[in-house]
Amino acid sequence: MLTIPIAAVGEPAPAGADKDGPGRRPGASKPTDSATAPANANERYTDRMHGFSLRPPPGTERIRQSSPRRLVGWIKREPKTGAIRCTLEILQTKHKPSKLPLSQYAQAVARELARTNNFKVDSTRLAVVAGKPAIHFRGLWKGAFKLWRRQTWVKIESGKYLVLDIAGPVTDKDKLDAILTTVVGSLRLFDPAEAIAETRRNLKRGSAVLKGLSTEKLRAILVDQPGYYTIKLNGKTIGFIEVSESIAQHSKTSGLRIVRRGALNVPKQPRSLTWERSFATADRKTAFWKRVAVEGRGNAAVGEIQEGIIKGNMVLVETLRPGQRPRNWKRQLPESIRSAYLPKAFDALLMRLLDRSKPTSYAFAMYNADRNDFSLKTVRIVGPETIRMGLQKIKATRLTIQANQQSGLANIWVDKNGLMLRAQMSHGLTMERTDRKSVFAGFAAELKELDKLAKIKSKP
């Protein structure tokens with residue numbers, strides 16, 4: 001259960017920022033990463049694990065980048081400049097239950113928000129939202145600059161509130177107020193117990209898949225040659241991924257080594273090159289990864305090196321950027337998900353490890369460096385399907401994958417050996433198996449640059 005103290009609810013969250021990043025606020029320019037994606041005004045957003053659903057505002061983009069303090073969020077941009085006009089976030093706060101009447105409790109929260117988060121509440125009003133007691137806070141947030149702010153706290157149970165938060169320019173306060181009123185009106189609450197129970201069952205099945213793996217079992221499902229995949233956006237090729245797999249030695253220990261490299265040319269965004277090597281022993285007690293990424297070209301290029309290692313049940317991560325001091329952080333692997341922990345290297349073989357003969361579902365815990373936390377990856381076996389690739393019809397098995405609670409479903413088709421044939425993501429993005437010749441013909445320059453990335457050392 002995500003818990004957020006009152007102090008963490010007070011500051012308007014920057015769209016597309018992680019906890020270690022510089023952040024962006026309303027009025028900032030459009031990010032160059034793909035942290036956001038368009039929201040369909042006709043689609044209701046549902047969070048099964050936290051027991052709520054609502055309809056996001058039309059014309060907004062959902063924030064895709066994870067955050068430890070946000071359940072979900074959306075941003076609205078200036079049509080001409082792409083600058084962020086306002087942010088809407090859904091958070092959850094849990095703290096010590098209070099015996100105060102709701103009206104007095106609301107005043108206490110308002111004072112705390114002003115004291116710890118620069119949110120000066122001008123008006124506090126009690127209401128009923130989705131059949132639950134609620135508090136509306138309206139006022140000004142004063143940080144780097146001034147924003148109008150409204151928070152609606154909906155009491156889920158004693159000491160636990162769902163918080164709907166909107167922030168933007170003071171001149172837009174009437175529009176912002178109306179937007180949040182509409183969103184609040186669409187809120188529905190339900191008991192997440194069944195979803196939580198299903199996740200526990202999925203984690204149990206995921207743990208069983210990983211239990212008892214050996215180097216020999218991993219070696220038996222490897223492929224000798226690199227795999228190649230083209231990435232397309234609305235039918236147009238914009239990139240590729242190459243994946244190589246082997247059993248290798250690290251510190252005199254045998255384990256799975258995966259090398260991924262690829263390029264991405266998203267329209268109106270800087271070109272992205274990524275090289276990554278990951279390693280994990282069969283018992284998952286030792287694992288590491290190194291990722292080198294470059295965005296842009298020539299003098300405008302921006303690079304980053306990230307390294308992570310598992311020591312015991314602790315994840316240690318370091319990120320290096322030119323001209324900046326190294327950033328380091330760590331995270332304990334929770335005991336509750338330890339048996340279902342999936343190292344980064346294992347993710348490349350995951351679909352080959354599963355029983356694909358019948359419909360079922362699995363869940364695995366994966367470390368997310370963007371938020372320094374663990375996300376649950378859910379995989380569902382749908383069943384056999386025949387797909388067309390070029391002029392051929394191929395018998396395949398379809399699976400769905402949800403990388404985490406905030407992400408959409410991806411449809412994956414694999415062959416009889418569990419090797420991916422095609423992946424279909426949202427927003428017109430697809431991946432499809434191809435051959436070495438096609439990738440080398442279309443991305444010769446990028447491949448040469450990726451060869452150089454592989455030789456970059458973490459420290460001068």
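The shortest non-hydrogen separation linking Met49 to Ala195 is SD-O, 3.8 Å. The shortest non-hydrogen separation linking Ala263 to Ile231 is O-CD1, 4.4 Å. What you find for Ser278 and Arg260 is that their closest heavy atoms are OG-NH1, 4.4 Å. Here the closest non-hydrogen pair linking Thr215 and Ala282 is N-CB, 3.6 Å. In this structure, Ala410 and Met425 approach most closely via the heavy-atom pair CB-CG, 4.0 Å. Taking each heavy atom of Ala345 and Leu256 in turn, the nearest pair found is O-CD2, 3.6 Å.
With a 4.5 Å cut-off on side-chain heavy atoms, Val223 and Glu245 count as touching. Looking only at side-chain heavy atoms (C-beta outward), Ile412 and Met351 come within less than 4.5 Å of each other. With contacts defined as side-chain heavy-atom distances shorter than 4.5 Å, the pair Leu164/Val183 qualifies. The shortest distance between side-chain heavy atoms of Phe346 and Phe364 does not fall below 4.5 Å. Between Phe374 and Val315 the shortest side-chain heavy-atom distance falls below 4.5 Å. At least one side-chain heavy atom of Leu162 sits under 4.5 Å from a side-chain heavy atom of Leu187. Residues Ile310 and Leu333 form no side-chain contact, since every pair of their non-hydrogen atoms from C-beta on lies 4.5 Å or further apart. With contacts defined as side-chain heavy-atom distances shorter than 4.5 Å, the pair Asp373/Asn368 does not qualify.
With Ile90 as the partner, the side chain to side chain contact (heavy atoms under 4.5 Å, CB included) test is satisfied by one option alone out of Leu54, Asp47, Val163: Leu54. When each of Glu385, Arg422, Arg398 is tested with Asn411 by the rule side-chain hydrogen bond (donor to acceptor under 3.5 Å, both in side chains), just one qualifies, namely Arg398. None of Glu318, Glu304, Glu307 except one satisfies the salt bridge (charged side-chain N to carboxylate O under 4.0 Å, His left out) rule with Arg291; the exception is Glu304.
With rounding to the nearest 0.5 Å, the separation of NZ in Lys76 from CG in Leu176 is 10.0 Å. Considering CZ of Arg331 and CG of Leu316, their distance stands at 13.0 Å, rounded to 0.5 Å. To the nearest 0.5 Å, the span separating CG on Asp165 from CG on Leu180 amounts to 8.0 Å. Residue Ile221 holds its CD1 atom at 8.0 Å from CG of Leu213, rounded to the nearest 0.5 Å. Separation of atoms CG (Leu354) and OG (Ser361) is listed at 10.5 Å; rounding is to 0.5 Å. The CG atom of Leu218 sits 7.0 Å away from atom CG of Leu353, with the distance rounded to the nearest 0.5 Å.
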Quiz item: Step by step, would you call Ile238 with Gln269 a side chain to side chain contact (heavy atoms under 4.5 Å, CB included)?
Solution: CA-CA 11 Å; Ile238 61 168; Gln269 293 190 19; over 6 Å; no
Exercise. Assess whether side chain to side chain contact (heavy atoms under 4.5 Å, CB included) is satisfied between Trp329 and Thr319, documenting all intermediate values.
Key: CA-CA 9 Å; Trp329 60 93; Thr319 297; 3.2 Å; yes
Practice problem: Take Leu210 and Tyr362, measure what side chain to side chain contact (heavy atoms under 4.5 Å, CB included) needs, and give me the verdict at the end. | Solution: CA-CA 11 Å; Leu210 300 174; Tyr362 305 84; over 6 Å; no
Practice problem: Please test Trp275 against Ile456 for side chain to side chain contact (heavy atoms under 4.5 Å, CB included), starting from the C-alpha separation and ending with a verdict. | Solution: CA-CA 10 Å; Trp275 176 91; Ile456 294 178; over 6 Å; no
Distance-only check: which donor-acceptor pairs under 3.5 Å involve side-chain atoms of residues 414-421, not counting sequence neighbours?
| unit_1 | atom_1 | unit_2 | atom_2 | d |
| --- | --- | --- | --- | --- |
| Asp415 | OD1 | Asn417 | N | 2.9 |
| Asp415 | OD1 | Gly418 | N | 3.1 |
| Asp415 | OD1 | Leu419 | N | 2.9 |
| Asp415 | OD2 | Arg433 | NH2 | 3.0 |

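Not a single donor-acceptor pair under 3.5 Å links the side chain of Ser272 to the backbone N or O of Leu264. For the pair Asn372 (side chain) and Lys330 (backbone), a donor-acceptor distance under 3.5 Å is present. Remark: the backbone N or O of Arg321 is not paired with any side-chain donor or acceptor of Arg327 at under 3.5 angstrom. For the pair Gln306 (side chain) and Val317 (backbone), a donor-acceptor distance under 3.5 Å is absent. Under the 3.5 Å distance criterion, the side-chain polar atoms of Arg356 are left unmatched by any main-chain donor or acceptor of Thr397.
Between Glu198 and Arg380 there is a salt bridge, since a side-chain N of the basic residue sits under 4.0 Å from a carboxylate O of the acidic one. Salt-bridge formation is detected for the pair Arg77/Glu61: a Lys NZ or Arg NE/NH1/NH2 atom is positioned less than 4.0 Å from an Asp or Glu carboxylate oxygen.
Gln392 CD: 12 or fewer foreign heavy atoms inside a 6.0 Å radius. Arg352 CZ: more than 12 foreign heavy atoms inside a 6.0 Å radius. Annotation for Arg338: atom CZ counts as buried by contact number, over 12 foreign heavy atoms lying within 6.0 Å. The neighbour count for Gln225 CD, taken as heavy atoms of other residues, nucleotides or ligands under 6.0 Å away, does not exceed 12.
Below 30°, between 30° and 60°, or above 60°: for Phe443 and Phe240 the angle between ring planes is between 30° and 60°, a tilted geometry. Relative ring orientation between His250 and Phe279 is described as tilted, the plane-to-plane angle lying within the 30° to 60° band.
For the 3.5 Å distance criterion, the side chains of Asn202 and Thr199 fail to qualify, holding no donor opposite an acceptor.
Qualifying salt bridge (charged side-chain N to carboxylate O under 4.0 Å, His left out) partners for Arg150, counting only residues two or more places apart in sequence or in other chains: Asp177.
The salt bridge (charged side-chain N to carboxylate O under 4.0 Å, His left out) analysis of residues 183-196, with sequence neighbours excluded, yields the pairs Glu194-Arg201.
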